[in-house]
Amino acid sequence: MTIPSVRGMKDILPPTSARWAALEAAFREYATRFGFSEIRTPVLEKTELFARSVGETTDIVEKEMYTFSDRSGESLTMRPEGTAPVVRALQANRAALGEWPVRLFYVGPMFRHERPQKGRLRQFHQFGAELFGTDSPFADAEILTFLHGFLKETGLSGVFLEINSLGDPACRPAYHRNLSDFLSSREDRLCDDCRRRRERNPLRVLDCKAEGCMRATADAPSALDSLCDPCRAHFESVEGVLRDSGIPFTRNPRMVRGLDYYRRTAFEFVIPGMGAQNTVAAGGRYDGLAEILGGRERIPAIGFAIGVERFLMLLGEEESRTSAPDVFLVTASSRFLPEAFRWKMTLIGMGIRTEVDYEGRSVKGQFRRAGRAGARFVVVFGEEEAGRGGVMFRDMAAGVQEELSKDEAIRRLTRRDDIREE
RNA sequence: GUGAGUGUAGCUCAGUUGGCAGAGCACCAGGUUGUGGCCCUGGUGGCCGCGGGUUCAAUCCCCGUCACUCACCCCA
């Protein structure tokens, strides 16, 4: 019995791994273009970091974290999201990171102990970017433009941007009370889940897909109508910049965020017809997080995270193959293996993808492998040629071959322009 | 955490009112005494997820368990 991987944690195999590498490279390049620099934070953090930032009563903290005591008895948690560690790192390294604004991006695995299903894993991966040190609505717009541009550039179509404002400590509590009162008056029409949600997190009720709840809350007070003047002005400015930039969006006053630390702008890029896991990227402003984490300094901030697995799912299966060898060295007898091995290492050293069969297959078998692997050339080491100090050199695509001296064969391989192009 | 479905060859999947386990693809060899992707012929390869029960006999029926998948919840 072989040992399976941990539930919800998957191997990323070739050729898919090549798509990952390409997408990561594209993200790094795009983020750099926007002036973001990469930050790599540890996968493990003190549990307290997430308990305080994400929110004690969120599902993530209550039941989805990989938390354990290490050998000294300290409670550690594998990061369920990327923002809190970045803020922590920023606070600890202010001097090293320079003046405001600070732009950071990250790429890496996150961990949540949920039941796996399509588009949701226990170890999943995110690309994220965070812009610190400015309250400006242009910062919000920059983050949204960044995301929109990246999704577009990498060929993801059919995504829609939804935005909302969650208010701030000046206006959110009043709205929550309002909504709560409203929901009390409709309690008899809500589903069981929503009756529970009503107490804990009334916003969630607005997000319920049960038909009864949707009807019952059709005329619920809107978050956007309850914003205080500064929040409203901020939100409208963001919308204005987005319109100027030609970035399409829709307001979704019912949008809810899973993490407690969001303020004001919240957004999601959703793909219709994808079922429950239809959010491919999301984020928002979190001006209060630095103080929640115990910093004396208020650090306005906004950021996003992209779900890499979902992103790749949406990009589709496009056939990608493992790269074909440039040359396959065929040995007519095992006595040529040492020489073929030396050639292989020499050619690889010169940047040429080379393969040799070590398994003692027949010449026909070796040719079959060379053909299937898509090798451009085959070099045959055989008795007759060896007697004359040469090798048989075959162009697989052209289907022609000739005997060459060893030096000439190597020259032919290294001279070919078509060999190096990917 | 809840519900449903599925576990048979490396992969995709058939199968039997319970009676020696099948196909396609892949792999290997031969057809070509040293020449490929196609074709033909042959071959290798299975604790029928695991544990228990019923039975003369279980891959099949029953119970349990584990895993995977999908959905719900929630989220990227």
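Throughout, protein chains are lettered first and strands after them, A, B, ... in sequence-line order, and every chain is numbered starting at 1.
- Here the C1' atom of nucleotide B/A76 and the NE2 atom of A/H125 are 12 Å apart, to the nearest Å.
- As judged by a 4.0 angstrom heavy-atom cut-off over every strand, A/T58 is placed among residues making no nucleic acid contact.
- A gap of 39 Å separates the C1' atoms of B/C38 and B/C47, to the nearest Å.
- Stem analysis of RNA chain B (Watson-Crick or G-U pairs, both distances under 3.5 Å, runs of at least three) returns B:1-7 with B:66-72, B:10-13 with B:22-25, B:27-31 with B:39-43, B:49-53 with B:61-65.
- Atom-to-atom distance recorded for A/S75:OG and A/F68:CZ is 8.5 Å, nearest 0.5 angstrom.
- Across the interface with RNA chain B, nearest-nucleotide mapping of A/R369 and A/E268 shows A/R369 to be the residue nearer the 5′ end.
- Residue contacts shown for A/E359 are absent, as no nucleic acid heavy atom lies under 4.0 Å away.
- In this structure, A/M78 atom CE and B/A76 atom C1' are separated by 17 Å, rounded to whole Å.
- One atom, CG of A/N278, and another, P of B/C72, lie 10 Å apart when rounded to the nearest Å.
- Judged as a side chain to side chain contact (heavy atoms under 4.5 Å, CB included), and not counting sequence neighbours, the contacts of A/R361 are A/D357, A/E359, A/Q366, A/R369.
- Atoms CD (A/E114) and C1' (B/C72) sit 13 Å apart, rounded to a whole Å.
- Every residue two or more places apart in sequence or in another chain that forms a side chain to side chain contact (heavy atoms under 4.5 Å, CB included) with A/K63 is listed here: A/D59.
- With hydrogens and angles ignored, a donor-acceptor pair under 3.5 angstrom links the side chain of A/R115 to the base of B/U2.
- Within 4.0 Å of A/M110, counting heavy atoms only, lies no atom of the nucleic acid at all.
- If you measure from atom CD1 of A/I143 to atom C1' of B/A76, you get 16 Å, rounded to the nearest angstrom.
- Considering only the side chain of A/Q117, B/C70 comes nearest among B/U69, B/C70, B/G36.
- Counting any heavy atom pair closer than 4.0 Å across all strands shown, A/L259 reaches sugar-phosphate atoms only and no base atom.
- In this structure, SG in A/C231 is found 3.5 Å from CG in A/D168, a value given to the nearest 0.5 Å.
- Nearest nucleotide to the A/K364 side chain, out of B/G30, B/G37, B/A76: B/G30.
- For A/P116, the side-chain atoms get nearest to B/U69 when compared with the rest of B/U69, B/A71, B/C27.
- At a cut-off of 3.5 angstrom, the base of B/G36 holds at least one donor-acceptor pair with the side chain of A/R394.
- Across all strands shown, A/V380 has heavy atoms under 4.0 Å from base atoms, whether or not it also approaches the sugar-phosphate.
- The nucleotide whose nearest atom lies closest to any side-chain atom of A/K118 is, among B/A29, B/U35, B/A71, B/A71.
- A donor-acceptor contact under 3.5 Å is not formed by the side chain of A/E64 with the base of B/C73.
- At the heavy-atom level, A/R122 lies nowhere under 4.0 Å from the strands shown.
- Scanning atom types as modelled, one donor and one acceptor separated by under 3.5 angstrom connect the side chain of A/R120 and the base of B/C74.
- The side-chain hydrogen bond (donor to acceptor under 3.5 Å, both in side chains) check on A/Y262 picks up nothing, with sequence neighbours excluded.
- OP1 or OP2 of B/G30 sits under 4.0 Å from a side-chain N or O of A/S362.
- In this structure, the ring pair (Phe, Tyr, Trp, His ring centres under 6.0 Å) partners of A/H125, at least two apart in sequence or on a different chain, are A/W20.
- Comparing A/I60 and A/S5 by the nucleotide of RNA chain B whose heavy atom lies nearest to each, the residue mapping closer to the 5' end is A/S5.
- Residue contacts shown for A/A281 are limited to sugar-phosphate atoms, with no base heavy atom under 4.0 Å away.
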Would you give me the side-chain donor-acceptor pairs under 3.5 Å for residues 342-349 of chain A, sequence neighbours excluded?
from: A/T346; atom 1: OG1; to: A/R342; atom 2: O; distance (Å): 2.9

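- Distance noted for atom C1' between B/C11 and B/G3: 30 Å (whole Å).
- Atom CZ of A/R361 is separated from atom P of B/A29 by 7 Å (rounded to the nearest Å).
- Side-chain atoms of A/Q366 stay outside donor-acceptor range of the base of B/U35, with no qualifying N/O pair under 3.5 Å.
- Counting non-hydrogen atoms of other residues, nucleotides and ligands closer than 6.0 Å to NZ of A/K118 gives a total of 12 or fewer.
- Between A/R257 and B/A76 there is a side-chain N or O to OP1 or OP2 distance below 4.0 Å.
- With a 4.5 Å cut-off on side-chain heavy atoms, A/R103 and A/L131 count as touching.
- Residue A/T279 has no polar side-chain atom (N or O) positioned under 4.0 Å from OP1 or OP2 of B/A76.
- When heavy atoms are screened at a 4.0 angstrom cut-off, A/G399 is found touching base atoms of the nucleic acid.
- At a threshold of 4.0 angstrom between heavy atoms, the contacts of A/G119 include nucleobase atoms, whether or not backbone atoms are also involved.
- For the pair A/R412 and A/F393, the cation sits on the ring face: its NZ or CZ lies under 6.0 Å from the ring centre, inside 45° of the axis.
- Remark: A/E383 CD to A/R388 CZ distance equals 11.5 Å, nearest 0.5 Å.
- Between A/L121 atom CG and B/C70 atom C1' there is a gap of 14 Å when expressed in whole angstrom units.
- Contact check, A/R372 against B/C38: a side-chain N or O comes under 4.0 Å of OP1 or OP2.
- To the nearest angstrom, P of B/G37 lies 6 Å from CZ of A/R368.
- When the nucleotides B/C68, B/C74, B/G34 are ranked by their closest atom to the side chain of A/E385, B/G34 comes out on top.
- Listed candidates were B/G34, B/A29, B/C28. Nearest to the side chain of A/V363 is B/G34.
- Comparing B/G31, B/C27, B/C74 by their closest approach to the side chain of A/D59 singles out B/C74.
- Among the heavy atoms of the strands lying under 4.0 Å from A/E384 is at least one base atom, whether or not backbone atoms are also near.
- At the heavy-atom level, A/A282 lies under 4.0 Å from the strands shown only through sugar-phosphate atoms.
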